[in-house]
Amino acid sequence: GSIGESDFEEVRKFLHSFVDSFNLRPDKVRVGLAQFSDRPYQEFLLGDYSDKRDLHQKLNDLIYRRGGTNTGLALTFIRENYFRLARQNVPGIAIVITDGESNDDVEEPSQRLRNLGVSIFVIRVGTGDMEKLHTIANTPHEEFLFSIDNYKELQGLKESLRNKVCFTVTLQSQAFVPKFADLFILVDSSASRQEQQIIRTFLPRLIQQLNVGKNTNRVGLAQFSENVKEEFLLNTDKARNEILSSIRSLTLRPTGERKIGNAIEYAHKKFFSNVTGSRVSEGFKQFLLVISAGESADGVVQASRTIKTDAVTVFAVGLNKADAHEMKYISSQPHSYKLVGNIQQVQQKIKSAIDTWEDCMFDVVADIAFIVDQSSSIRSKNFQLVRDFLENTIGGLDVGEGKIKIAVVLYSDFPRVDVNFNTFDDKTDILRYISSMPYGRGKTYTGAALKFAKEHVFTKARGSRRDQHVQQVAVVITDGKSTDEVARAAAALRRSGVTIFALGIKDTEEDDLREIASYPYKKFVFNVEDFDKLNSLSNILTKTLCNEITDSIIPRQTTKADIYFLLDESGSISYDEFDDMKNFTKQWLEAFEVGNNHVRFGLVKFASSATTVFRLHDYNTKADIEKAVNALIMEGGGTRTDLGLREMIPLFEEAVRTRGEKVRKLLIVITDGESRGTEESVEVPAKLLRTEQNVTIYAIGVKDASEPELELISGSPQRTFYVKNYDFLDEIKKDIITEICSFEGCEGLFADVVFLLDGSESVSAKDFENMKYIMKLVIDRFVIGPDKERVAVVQYGTDPNEEFSLNKFDDKAVLLQEITNIKQKNGKTYTGKALKEVLQSFNISKGGRASALKFLILLTDGESRDDVSEPAKVLRDNFININAIGMRHANKSQILAIAGSHDGVFFEDAVASPKELSGFSKLLLTLTSYIFPECKTPELIDIIFLMDASGSPNKDGFQEMINLMKYTVSKSVVGEKRVRFGAVTYSNNPHSEFTLKQYYSQTDILRVISNLKTSGGSRNTVRALNYTLSYFGGTHGGRRAKNVPQVLFLITDGPVNDLSGLATWPESLANSEVNIFAIGTEDADAEQLKEMVGKKGTVHYAKTYQDLRGLQKRITQELCDLTKPICEMEVSDLVFLIDGSESIDEPSWNTLKKTMIGIVKELDIAQDKWRVGIAQFSDILLHHFYLNTYTSFAEVEEAINKIRQRKQGTSTWDALRNIRYYFTRENGSRIDERVAQNLLLITDGKANDEKDLNALAYLRNKNITITAIGIGDEIKKSELREIAGSADRVLIETFEGLELKTTIRKVLHLLCTDTRPIPQPPYDCNIDIAFGFDVSRRTITQTLFRPQVEPLVSAAIHRISMMGDLCCIKKDKITTRFGYKLDRSVLNDFGFEKYSEDVVKKVMSFQPAEPLAFNEFLLDSFREMLASSKAKAKVGVFSRYKTYHQNDCQLYIIFFVNVPLIEQEHLC
């Protein structure tokens, strides 16, 4: 109604002249017209006229419609009624002419119209809301948005609009050019006559099925044997009939041996290039078809891998004598085919692969947002290559409901999202959008795009499944340096839980990409030198996206150490970054046993000066240290690292005095800059700490830190770490803990270690050197010697070959040099054969030792041609521990079958250099749990020493016997709730020196043992044994009733004098449930000792007293195997939910039950301690017993053994829905008493019933922690992660691996760690206040507020910053920080910071380029902003509206902007 009759005539006149400028034909340009006011009106559809005259008549017949302005409704109308019916693969253009502000929402309707590939032009007449029209028009706005003062000016727009429409049509048309493929065929020229006939039948049929031609599918052909002969190339321009004729007349001429590897390498270099007609740079898919008549005389693996890496899909087609294994290696799986008898099926499969996309079939559920640079520097031609790249990448992903969801953000000057996670479920729709994705122009504002993605894309309102624990991924594609600051926006996005891949093209610097990407960079940064190289990267990125990103659990270390953190708090560090440092510090508490007798922590911070926050002896519990770290406040200042290091010197001197014993001293330094204004070099105090106080320093640099200075601090490259951003600190934590654990200065272990090294054709020369490097890194941790570790190396290819045996070297340096000199064998990959024969490398004749621990470490980079499962099982049955390391191309299922357990499996997926071995930290952590006892000590056990004090009062060697006892005590975690010791000495009669409940201090026990004396007399060992058994009872401090293991530790140097008692001793020992260690030396009778211990004990004999020293390590390790793990949760409720489906066979079912018993045995089962319940699920939930049914381990064990398997399907979600009834008071749950509630799910397959997220929501709302164990090959890991709520609470295992103690220990680690939040003290308060604005009615040149309003708002913010006593909290206990939410605007420095007048001025002077609306999405982004806040009070302040809204315990308070002062009562 705002237009009027005269203006409507101007519109009619403009339409007449505008449509005349186009070629209006049914097969060319079609025009449609709709008019809108309150509602839309269909005037005529696209092409709904007989000719141009008829079209002009329809324009003349237009009726002026009056009413309001609902532009959003009109956009929806033309989408459904015009463009839904439009021609496929034809550019779509919408031109909106309006003079008014729309009364309805326009953002979503315009977005959905663009999703159909429609480009929207907008003509604003008069003073309509330009910001709202920005959301309608395509970008760049200078191309798609026109503004005129009145309707008479429409005529002047005609030429300009026509040219821009035509240009847009040209660009879109490029995107609609059909995509075909390039297929090159290699034919084995040694094929027999009969086989040649098969080839001549097969190839023509295949060609006839493909659309072949210069501008469609291109085909090239060559034959090969020893050499390659080209028949015709991809650019020969042959028509289909000419190609068919050439194939039918093809004469094959062999020229020597068959060399398939050489032929593939030749094809890769010569045939898939622009020069020979390949269109790979234009985004066309590339295929190689290899037809082989027999086994290759050369290696095929490396050539095949190389060509596949460059995005060429390889079909391997074998004739009668072709090697099936070889065909499999050559092909891109699953494209290995046998041709004879299968011609029709093979050609159909090849045609299907060429014509369609192949999904990655990994078990991946993720939300992936592609953030695409569309700035001017890219150019329209290159943007088409970006479209092709996205099509190829997304085309290879498994997109759909419950799988991968895609969002697309385009950015230049401004970011815009046309495709959200909830826009499309069908991949076809996404690819249709990508094919016509609009190209904009402008500058490269990557920081703004990342901020926009965090606040407007990765949200529940936009379809993100973050709250369902679905992995969040962003892929940033850019061709240059960002115009704005990107690091902070990228860090914020990463902190929110989004994994970022950064893909740089052409001029993008690697360092700029590292600012954006997640860590480690080698996994998340990609770079190509030009746009035409993009396509070759698509399959690599697809595979990387399809691979899971998970974290392994770091086992808690029980070493003793004093650890100080020295944290930089200088002014260059933001509050968020300081919080990252605090979180990094707290995470260390999970990795170590904290306490005065274990690991102590202290913290010092530095800026212009150094401040000691807390000393090592100030706190001795994890909770107290965590609370102290939480209270840490950053003060700011300069960077005086030298003063921080100086502060540490007296603190470590004090540590020695307060500890009372010698332990490892560690200093972790974190800084983000080079030390400035120093009085001395940082090297001076650092060197004093390292050399005079023996402090090991780890230097971690962030952002602008100087790596040379870091190395001066640490004194070693191995202890120097650098990351780009603070949020990466968590990623290097494992590496540092590994380094600490493996650098313990261990004395070695009695172990035989054989390395089985793959030297076959599967391993490239580079990776062979990498594998040797891994071997040397592991061996470097060994103490090589006849009584320590011994090493052998066996290399294999077609056959195994022993490089050197276990008894060859006792000198580590010589051994390492020998490994350096090993040359690769090559040959085929027969890992199974090598596993069979490697058993003999452990023989005594080869240096093997009967009582030594045995390890086999396999390193491979290929797939074995023979079975590996059975020979590996034989090795494990011979008590050989197997660890399998797979490089990039190793067969993962074979690696698992060899190791027998996920614990023994390690993968190196992307080795760029030996220094970047990503899985090595996990490997060392696992190996050190065996090889370095300092990293694994007795934790929970009762030990009574029975010491032979007979003979001469000053007999030789008594001190060595005492030293064995002292060593055992020193390596144990002593305490009332940890390891308890008692001691009895004996000769004629036994005498108790101290009982299990007498001393709980390691120092006291060592003092008493040191003072033990011989008493002389005869050796009545049996009497002493029976006497000692009585001291294991509860009266004397024994904990047998709590299932704590007990050990009687006999040390004797002579034969038994009271032999008559030996007859009844075995029965007494059996009834006691006590384990016995009998250590004999000198004149002790080994046969008597064996009779004494029977089947329940361990015997060691040392020929001389001095030889007892060689037993120390071995005995400590054996005690570790008996010890019970520590559980910090003394009270808890645990419900097992076990899978009883038919896919679990009887032996595996029994293993599952044994595992449950093994877990329960380690817990203190009692009415007031741990309670256990069990339910089984199959087609229904089958009840076994509730939490209040049994009150002892014996009862629970008996009940588990009676459980029978149901065998009727896997209804996991139904079970999760009904398990809630186990967590009720009437069924024994103590949930109302705040006792920890645990659900342990054990399953061997994916659920076959419908997902029920409400079941999970109920359990989580009740604070029930879910841990999931997935067993076997059919597990859907993504489903288990969703159920558990975190990858950290999911364990994947085999049934064989389930029997290992390591699995039980990992489960106990999860169950016994208190994950409940630590109650915060009531006496302090941190408040984060976020300000938002709704100022939509304004012009583009205006600041946020009118001049008269601006000082009022500034004063209100200042008033809040000066709040006095808030409710019951004093002002000096309040910390207030401010953040400013300006919707989509590019302001990266307004995170939560202390009040700053400069920042307020900057906010007030800001000129938003688009409306700042108070709506659902702003509230949603506020929720996300405040969710990242660690403050106890979170407040949102919005201008303009007065509404109160409370959601998720976060209070949003809305004030009027004209309130001159905000009283503190509003906040209270």
Side-chain angles (χ1 to χ4, degrees), residues 359-368 397-406 420-430 460-472 546 548 1135-1144 1152 1174-1184 1205-1224 1239-1262 1264-1287 1289-1292:
D359 293 342
C360 75
M361 299 314 293
F362 292 86
D363 171 24
V364 176
V365 178
D367 294 334
I368 304 176
L397 298 173
D398 191 12
V399 176
E401 187 63 38
K403 300 175 184 176
I404 292 173
K405 287 195 172 184
I406 300 293
N420 285 300
F421 294 122
N422 54 4
T423 303
F424 296 125
D425 285 331
D426 190 276
K427 188 198 296 187
T428 306
D429 293 330
I430 298 172
K460 189 171 184 179
R462 302 295 194 186
S464 166
R465 295 168 292 175
R466 187 197 302 269
D467 61 346
Q468 299 173 33
H469 305 282
V470 169
Q471 189 175 0
Q472 307 292 286
C546 284
E548 297 160 89
V1135 175
F1136 287 90
L1137 181 56
I1138 58 171
D1139 184 348
S1141 60
E1142 66 276 12
S1143 56
I1144 302 175
L1152 193 155
I1174 294 182
Q1176 179 188 169
F1177 71 94
S1178 187
D1179 57 329
I1180 59 170
L1181 186 73
L1182 194 62
H1183 169 67
H1184 290 296
Q1205 187 180 2
R1206 181 168 174 81
K1207 301 182 180 180
Q1208 294 289 328
T1210 313
S1211 296
T1212 312
W1213 293 98
D1214 176 71
L1216 289 167
R1217 187 164 47 249
N1218 289 302
I1219 199 67
R1220 66 177 65 180
Y1221 301 110
Y1222 279 64
F1223 294 96
T1224 58
L1239 175 63
L1240 179 56
L1241 170 69
I1242 307 178
T1243 179
D1244 85 322
K1246 63 181 180 181
N1248 53 25
D1249 57 342
E1250 187 176 348
K1251 183 190 294 189
D1252 185 355
L1253 294 177
N1254 290 329
L1256 289 181
Y1258 178 87
L1259 296 172
R1260 295 202 215 294
N1261 287 338
K1262 291 290 185 180
I1264 296 166
T1265 302
I1266 307 174
T1267 303
I1269 304 177
I1271 313 167
D1273 298 328
E1274 301 301 318
I1275 285 301
K1276 190 174 182 184
K1277 297 176 189 175
S1278 57
E1279 184 174 70
L1280 293 185
R1281 281 198 299 271
E1282 185 172 19
I1283 291 171
S1286 164
R1289 300 203 72 86
V1290 176
L1291 302 176
I1292 305 298

What pairs of donor and acceptor atoms, side-chain ones from residues 1252-1259 against any protein atom, are under 3.5 angstrom apart with sequence neighbours left out?
{"residue": "Asp1252", "atom": "OD1", "partner": "Asn1254", "partner atom": "N", "Å": "3.1"}
{"residue": "Asp1252", "atom": "OD1", "partner": "Ala1255", "partner atom": "N", "Å": "3.4"}
{"residue": "Asp1252", "atom": "OD2", "partner": "Arg1217", "partner atom": "NH1", "Å": "2.7"}

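- Counting heavy atoms from C-beta on, the side chains of Leu1241 and Asp1139 never come closer than 4.5 Å.
- By the side-chain hydrogen bond (donor to acceptor under 3.5 Å, both in side chains) test, Asn1261 is found to be paired with no residue, residues two or more places apart in sequence or in another chain being considered.
- Residues passing the side chain to side chain contact (heavy atoms under 4.5 Å, CB included) test with Ser464 are Asp367, Phe421, Arg466, Gln472, sequence neighbours excluded.
- Under the salt bridge (charged side-chain N to carboxylate O under 4.0 Å, His left out) criterion, Lys1262 pairs with no residue at all, not counting sequence neighbours.
- Residues Val365 and Lys403 have side chains not in contact (no heavy-atom distance under 4.5 Å, counting atoms from C-beta outward).
- The shortest side-chain heavy-atom distance between Gln1205 and Gln1176 falls under the 4.5 Å cut-off.
- Under the side chain to side chain contact (heavy atoms under 4.5 Å, CB included) criterion, Gln1208 pairs with Ser1178, Asp1179, Arg1206, not counting sequence neighbours.
- Put simply, the side chain of Ile1266 reaches to within 4.5 Å of the side chain of Arg1260, judged on heavy atoms.
- Looking only at side-chain heavy atoms (C-beta outward), Ile1242 and Leu1152 come within less than 4.5 Å of each other.
- Looking at Ile1180 and Ser1211, their side chains never come closer than 4.5 Å, going by heavy atoms from C-beta outward.
- Across every non-hydrogen atom of Leu1181 and Ala1175, the tightest pair is CD1-CB, 3.9 Å.
- Contact between Val470 and Ala366 at its shortest, heavy atoms only, is CG1-CA, 3.6 Å.
- Qualifying side-chain hydrogen bond (donor to acceptor under 3.5 Å, both in side chains) partners for Lys1246, counting only residues two or more places apart in sequence or in other chains: none.
- The main-chain N or O of Gly400 is never found under 3.5 Å from a side-chain atom of Asp425 such that the two would form a donor-acceptor pair.
- With sequence neighbours left out, Glu1250 forms a side chain to side chain contact (heavy atoms under 4.5 Å, CB included) with no residue at all.
- Applying the side-chain hydrogen bond (donor to acceptor under 3.5 Å, both in side chains) rule to Thr1267 yields the partners Arg1289; only residues at least two apart in sequence or on another chain are considered.
- The side-chain heavy atoms of Thr1243 and Phe1177, taken from C-beta on, include a pair separated by under 4.5 Å.
- We find the NE2-CG distance between His1184 and Leu1137 to be 10.0 Å, quoted to the nearest 0.5 Å.
- Note that CG of Leu397 is 4.5 Å distant from CD1 of Ile404, once rounded to the nearest 0.5 Å.
- Between Leu1239 and Phe1223 there is a side-chain heavy-atom pair separated by less than 4.5 Å.
- Among Lys1277, Arg465, Lys1251, the single residue meeting the salt bridge (Lys or Arg N to Asp or Glu O under 4.0 Å) criterion with Glu1282 is Lys1251.
- Looking at Thr1210 and Thr1212, their side chains never bring a donor and an acceptor atom within 3.5 Å of each other.
- Atoms CD1 and CG, from Ile1219 and Asp1214 in turn, are 10.5 Å apart once rounded to the nearest 0.5 Å.
- Interatomic distance, Asn1218 CG to Leu1182 CG, rounded to the nearest 0.5 Å: 12.0 Å.
- Nearest approach of Ser1143 to Asp1244, heavy atoms of both residues: OG-OD2, 2.8 Å.
- By the side chain to side chain contact (heavy atoms under 4.5 Å, CB included) test, His1183 pairs with Tyr1186, Tyr1222, sequence neighbours left out.
- Asn420 is linked by a side-chain hydrogen bond (donor to acceptor under 3.5 Å, both in side chains) to Gln111, counting only residues two or more places apart in sequence or in another chain.
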